[in-house]
Student: 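Okay, here's the structure, questions in a sec.
All residue numbers in this chain count up from 1 along the given sequence. Scope of the values below: all heavy atoms of this structure, side chains included, with no hydrogens, waters or symmetry mates.
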Amino acid sequence: EDWSETLLWDNLPYTALGGKTVAYRVVESAVAGYTDVYAPTHAVPNASFKVTNTLQTTQLVLNKSWIGSSTFITPTSVTFKLEYKLGDGDWESFPNLVAGVAEGGYITLTSNDLKEDGSWEKVISGLPTVNGTQEYSYRVTECTVDYTGNVSTITQPGVYTSTLETTKETDGTWRAAAVNTLDTGDLEVTKIWSDGNDRDHVRAASVTVQLYKDNHEFGEPKVYIRRY
């Protein structure tokens, strides 16, 4: 909640020797983590000053992308945990003080956060930058991927290889990039003719081969061409 307090200097003279009007101003000692604005900058007696201290905040841009993804392993949501530390202290869960962060520091991305490049992204604003003389650091960890029909950890072998890096930019913005690269392999098929070197001259000029995945056609067919 915003909060205010009033201070008063009384019995201030209007004029100095010679009749010159006296102007007054106030100067507040620096408050770590805040920027101050004075309105007005100078005033005469029976006027008022307002000093507004605004909390210095930053934001975290959380981006989730998939490389080589396909529809049969598209998740419905991805959950991350936002953590912070002060100075060289220990990492702790960030409290749900700002929009987009649930209790326990959890952030959930869904297809509603879709960008034009196919990634999911959410911006968490209003994160404090300092507490006294100590600076805040932020990081995110990936918790689970909720796939259609089941829940699986992101490190499930044979699905994705994942990387997650949180960095701080020169303007103070934090960026967390979580990238999942689909684990893939090759399937090599060798065609062997066991017909006495085409003894009866019935060997086909070409043969079409279709790949199946879970009893369903997968990908485009390939063709063996007879070259002799």
Side-chain angles (χ1 to χ4, degrees), residues 1-2 31-35 53-185:
E1 246 181 61
D2 291 341
V31 181
Y34 290 84
T35 55
N53 290 66
T54 302
L55 183 67
Q56 294 174 355
T57 62
T58 187
Q59 63 182 9
L60 180 139
V61 181
L62 174 57
N63 182 275
K64 174 70 177 180
S65 62
W66 290 266
I67 298 176
S69 180
S70 54
T71 56
F72 68 98
I73 48 175
T74 299
T76 58
S77 67
V78 185
T79 301
F80 295 86
K81 188 171 186 178
L82 175 60
E83 298 179 318
Y84 77 95
K85 70 175 181 178
L86 277 171
D88 296 325
D90 297 328
W91 289 102
E92 300 182 43
S93 299
F94 189 80
N96 57 328
L97 298 177
V98 297
V101 181
E103 186 174 355
Y106 293 108
I107 304 171
T108 300
L109 298 184
T110 69
S111 57
N112 292 330
D113 303 302
L114 179 67
K115 293 184 63 184
E116 289 185 0
D117 63 3
S119 66
W120 295 355
E121 186 171 282
K122 182 170 288 186
V123 179
I124 306 299
S125 301
L127 302 176
T129 58
V130 297
N131 186 339
T133 60
Q134 294 183 306
E135 291 190 359
Y136 281 89
S137 296
Y138 295 96
R139 73 176 183 184
V140 295
T141 56
E142 191 167 2
C143 301
T144 59
V145 173
D146 185 6
Y147 294 95
T148 303
N150 71 291
V151 177
S152 167
T153 62
I154 191 58
T155 55
Q156 178 181 353
V159 179
Y160 286 110
T161 298
S162 61
T163 61
L164 197 161
E165 184 179 18
T166 305
T167 56
K168 184 180 182 182
E169 299 185 344
T170 55
D171 65 355
T173 297
W174 291 84
R175 288 192 176 273
V179 180
N180 285 10
T181 302
L182 186 66
D183 292 338
T184 62

Student: Can you list every side-chain hydrogen bond (donor to acceptor under 3.5 Å, both in side chains) pair that touches residues 122-139, not counting sequence neighbours?
Tutor: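 Found E83-R139.
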Student: Which residues satisfy the salt bridge (Lys or Arg N to Asp or Glu O under 4.0 Å) test with K115, sequence neighbours excluded?
Tutor: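 K115 satisfies salt bridge (Lys or Arg N to Asp or Glu O under 4.0 Å) with E121 once adjacent residues are dropped.
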Student: Can you pull out every side-chain hydrogen bond (donor to acceptor under 3.5 Å, both in side chains) where at least one residue sits in residues 167-178? Sequence neighbours excluded, please.
Tutor: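 Passing the test, one end in residues 167-178: E169-R175, D171-T173.
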Student: Nearest 0.5 Å please: distance from the CZ atom of F80 over to the CD1 atom of I124.
Tutor: 11.0 Å
Student: Please report the shortest heavy-atom distance between S119 and S65, naming the atom on each side.
Tutor: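 Closest approach of S119 to S65: CB-CB, 3.8 Å.
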Student: Please table the atom pairs, donor to acceptor, closer than 3.5 Å between any side-chain atom in residues 86-93 and protein atoms at least two apart or in another chain.
Tutor:
unit_1 : atom_1 : unit_2 : atom_2 : d
S93    : OG     : K81    : NZ     : 3.0

Student: Could you tell me the separation between the OG atom of S77 and the NZ atom of K64, rounded to the nearest 0.5 Å?
Tutor: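 Going from the OG atom of S77 to the NZ atom of K64 covers 11.0 Å.
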Student: For a quick test of reading the model, state the closest non-hydrogen atom pair linking E142 to V78 and the distance between them.
Tutor: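 Reported closest heavy-atom pair: OE2-CG1, 3.3 Å.
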Student: Which residue is it: V101, V140, V98? I am looking for the one with a side chain to side chain contact (heavy atoms under 4.5 Å, CB included) to L60.
Tutor: V140
Student: For the atom pair CG (N180) and CG (L164), what is the distance rounded to the nearest 0.5 Å?
Tutor: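 It comes to 9.0 Å.
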Student: Is there a side-chain contact between L82 and L127 (heavy atoms, below 4.5 Å)?
Tutor: yes
Student: Verify, without hydrogens or angle tests, whether T79 (side chain) and C143 (backbone) share a donor-acceptor contact under 3.5 angstrom.
Tutor: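 Not at all, since once roles are kept as given, no pair shorter than 3.5 Å links the two residues.
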Student: Taking only residues two or more places apart in sequence, or in another chain, which ones meet V31 in a side chain to side chain contact (heavy atoms under 4.5 Å, CB included)?
Tutor: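 Expected list: E28, Y34, N53.
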